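Contents: one structure, followed by commentary.
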Amino acid sequence: MARATVNKAYNDGVCTVCREVRAASSFSARMGAATLDDLETVCKLAFAESSRRMEDSEYAQQMGYKLDRKISCRKPGNLRIDTECAVVIGRTLYHVSNVDYSSTEVYLYLTEVRELEDSNA
């Protein structure tokens with residue numbers, strides 16, 4: 001008997017996975033993104049909010065970051081999401097602190113960085 005596959009609904013929102021393109025300051029310090037113009041879009045993904053387990057929070061604390069949000073998305077094909085990426089949800093910028101891949105999904109562990117400014121201002 002064939003096993004029925006269950007399609008998971010990614011209907012909690014859309015996130016934009018980005019990389020920073022902003023130049024370093026005059027003394028070579030890396031500057032954080034302040035607007036969407038400072039980010040290069042890698043891909044946009046529908047996501048589902050995932051529950052933060054006690055193990056996730058403990059791991060985050062051991063690794064030295066704060067776990068603000070955990071989301072799951074469909075695997076984005078040949079694109080690789082890593083800890084050098086950032087994620088924008090709404091106007092909030094998150095740093096990707098950890099990434100877990102399964103056969104069909106990617107789980108992103110996010111740390112809130114800041115609210116992005118309006119680039120038209």
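In this text, all values refer to a predicted model and were calculated from it rather than measured experimentally.
- Using a 4.5 Å heavy-atom threshold, the side chains of Glu112 and His95 count as separate.
- Here the CD atom belonging to Gln62 is positioned 11.0 Å from the OG atom belonging to Ser57, to the nearest 0.5 angstrom.
- In this structure, Glu49 places its CD atom where more than 12 heavy-atom neighbours from other residues, nucleotides or ligands lie under 6.0 Å away.
- Contact of the Thr104 side chain with the Lys75 side chain is not registered, since no non-hydrogen atoms from C-beta on lie closer than 4.5 Å.
- A salt bridge is defined here as a Lys NZ or Arg NE, NH1 or NH2 lying under 4.0 Å from an Asp or Glu carboxylate O, and Glu84 with Arg19 fails to meet this definition.
- No donor-acceptor pair under 3.5 Å is formed between the side chain of Arg69 and the backbone N or O of Ser50.
- Residues Tyr59 and Asn98 come closest through the heavy atom pair CE2-ND2, 3.4 Å.
- The structure places OH of Tyr94 at 9.0 Å from CD1 of Ile71, a figure rounded to the nearest 0.5 Å.
- Judged by distance alone, the side chain of Ser72 and the main-chain N or O of Val106 form no donor-acceptor pair under 3.5 Å.
- Side-chain contact between Val42 and Cys18: absent, with no pair of heavy atoms (C-beta onward) separated by less than 4.5 Å.
- In this structure, OG in Ser97 is found 13.0 Å from NZ in Lys70, a value given to the nearest 0.5 Å.
- Between Leu93 and Val113 the shortest side-chain heavy-atom distance falls below 4.5 Å.
- At least one side-chain heavy atom of Asp100 sits less than 4.5 Å from a side-chain heavy atom of Tyr109.
- A heavy-atom distance below 4.5 Å is not found between the side chains of Leu45 and Val14.
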- prompt: What do the steps show when you test Lys8 against Glu105 for salt bridge (Lys or Arg N to Asp or Glu O under 4.0 Å), and what is the final call?
  reply: CA-CA 10 Å; Lys8 184 174 178 180; Glu105 291 182 298; 3.1 Å; yes

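- The side-chain heavy atoms of Ile89 and Thr16, taken from C-beta on, include no pair separated by under 4.5 Å.
- Under the 4.5 Å side-chain heavy-atom criterion for grouping Ile, Leu, Val, Met, Phe, Trp and Tyr, Leu110 is connected to Tyr101 within one hydrophobic cluster.
- The closest side-chain heavy-atom distance from Leu39 to Val88 is below 4.5 Å.
- Closest heavy-atom contact between Cys73 and Leu108: SG-CD1, 4.5 Å.
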